[in-house]
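Just below is one structure, and these are the notes that go with it.
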Amino acid sequence: MALVPYVENALPALSKLHNSSAQFRFANHNLSLAQDWKKLGVAAVVWDAAVVMCMYLELGKVELQRKKVIELGAGTGLVGIVAALMGAKVTITDRQPALDFLAANVKANLPPDSQESVVVSELTWGEGLDRYPPGGFDIVLGADIIYLEDTFVPLLRTLEHLCSSTTEVLLACKIRYKRDTDFLGMLGTSFAVEEVYYDKERDIYVYKALKLPPRGDL
Ligand SMILES: C[S@@+](CC[C@H](N)C(=O)[O-])C[C@H]1O[C@@H](n2cnc3c(N)ncnc32)[C@H](O)[C@@H]1O
């Protein structure tokens, strides 16, 4: 099922997805993210969840300086770019077909002295996880990545692989369907999940999740 109706200007609120770029100001930088809905669909437009995640990061509740961060399902890369501008070392990931577009946006929006803070690499949830260090990240970020039921099990397996007991997972979510809350229930079996932010205007929630100790340790 499509995430949103795949018809140009079907709803006025979605028409911004058809613009060739989207402009923002975060972390004291003007950012211009290229978009190409027709070529790459959901991976090549900036979703409201990414904007709200950046707003949340700017609140300063999460320490990003020198932290090892990985972004899942990054799309245009806005969230990872902002995390890098705020001092993090960021691995920005998505599926293979999205990577060239993503890498071009990263290159265009990071000043030369921040380019080395970012690596763009393929991560299709649940696949090739051995290429990423188990429990090797301080923070995992995901904006609008909970929407395809078929990906829920591999996405959860990915989070379990990437997280140690101290890794902070932040998920910015648009809750469109019941299945989206079903994923949060699944997540709750191995992570302690709490709502940390809600943007009323865009109807986006930010959840924080921390990996629970293995059952045997309880
Ligand atoms: C709705 S878009 C969100 C993009 C971006 N995070 C944002 O909020 O603007 C969902 C993203 O998840 C990625 N995605 C979907 N299924 C995936 C999978 N199985 N493995 C990795 N990424 C996936 C898509 O390529 C897309 O970039």
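Ligands are counted one by one from 1 in listed order, and the atoms in each one are counted from 1 as well. All values below were derived from every heavy atom in this structure, side-chain atoms included, with hydrogens, water molecules and symmetry-related copies excluded.
Each of L78, V45, N19 was scored for a side-chain contact (heavy atoms from CB on, under 4.5 Å) with L33, with one residue passing: L78. Under the side-chain contact (heavy atoms from CB on, under 4.5 Å) test applied with I92, the options I70, L72, L102 reduce to a single match, L102. M186 pairs with exactly one of I146, T181, V153 by the side-chain contact (heavy atoms from CB on, under 4.5 Å) rule, that one being V153.
Atom CG of D182 sits in a crowded spot, with more than 12 heavy atoms from other residues, nucleotides or ligands closer than 6.0 Å.
The shortest non-hydrogen separation linking S32 to N105 is O-OD1, 4.1 Å.
Applying the side-chain contact (heavy atoms from CB on, under 4.5 Å) criterion to K68, with sequence neighbours excluded, gives F137, D138.
Contacts between A49 and ligand 1 below 4.0 angstrom, taking non-hydrogen atoms only, are absent altogether. Neither the backbone nor the side chain of T76 comes within 4.0 Å of ligand 1, counting heavy atoms alone. At a heavy-atom cutoff of 4.0 Å, ligand 1 is contacted by no atom of P154, backbone or side chain.
Checked against a 3.5 angstrom limit, the closest N/O atoms of R95 and ligand 1 fall inside it. Residue contacts with ligand 1: D94 is placed with a nitrogen or oxygen under 3.5 Å of a nitrogen or oxygen of the ligand (distance criterion only).
No single ILVMFWY cluster, assembled from side-chain heavy atoms under 4.5 Å apart, contains both L170 and F191.
Contact between L123 and ligand 1 is present, with at least one heavy atom of the residue lying under 4.0 Å from the ligand. Residue-ligand proximity: L72 is placed with every non-hydrogen atom at 4.0 Å or more from ligand 1. The closest approach between any non-hydrogen atom of A98 and ligand 1 is not below 4.0 Å.
Put simply, the side chain of K208 never gets that close to the backbone of V196: no donor and acceptor are under 3.5 Å apart.
If you number the atoms of ligand 1 from 1 as listed, the ones under 4.0 Å from a heavy atom of A74 come out as 5 (C), 6 (N). When each atom of ligand 1 is checked for a heavy atom of A143 under 4.0 Å away, the hits are 3 (C), 5 (C), 6 (N), 7 (C), 8 (O). Per-residue contacts place A43 under 4.0 angstrom from the following atoms of ligand 1 (heavy atoms of the residue considered): 25 (O), 26 (C), 27 (O). Each of the atoms 2 (S) of ligand 1 lies under 4.0 Å from some heavy atom of V42. For ligand 1, the atoms lying closer than 4.0 Å to a non-hydrogen atom of T151 are 19 (N). Of all atoms in ligand 1, listed by their number and element, those nearer than 4.0 Å to a heavy atom of V45 are 9 (O). In the vicinity of V46, heavy-atom distances shorter than 4.0 Å reach the ligand 1 atoms 9 (O). Listed by atom number, the atoms of ligand 1 under 4.0 Å from Y147 heavy atoms are 10 (C), 11 (C), 12 (O), 15 (C), 24 (C).
If you check the side chains of S121 and Y132, you find a donor sitting under 3.5 Å from an acceptor.
Aromatic ring orientation, Y197 versus Y56: tilted (interplanar angle from 30° to 60°).
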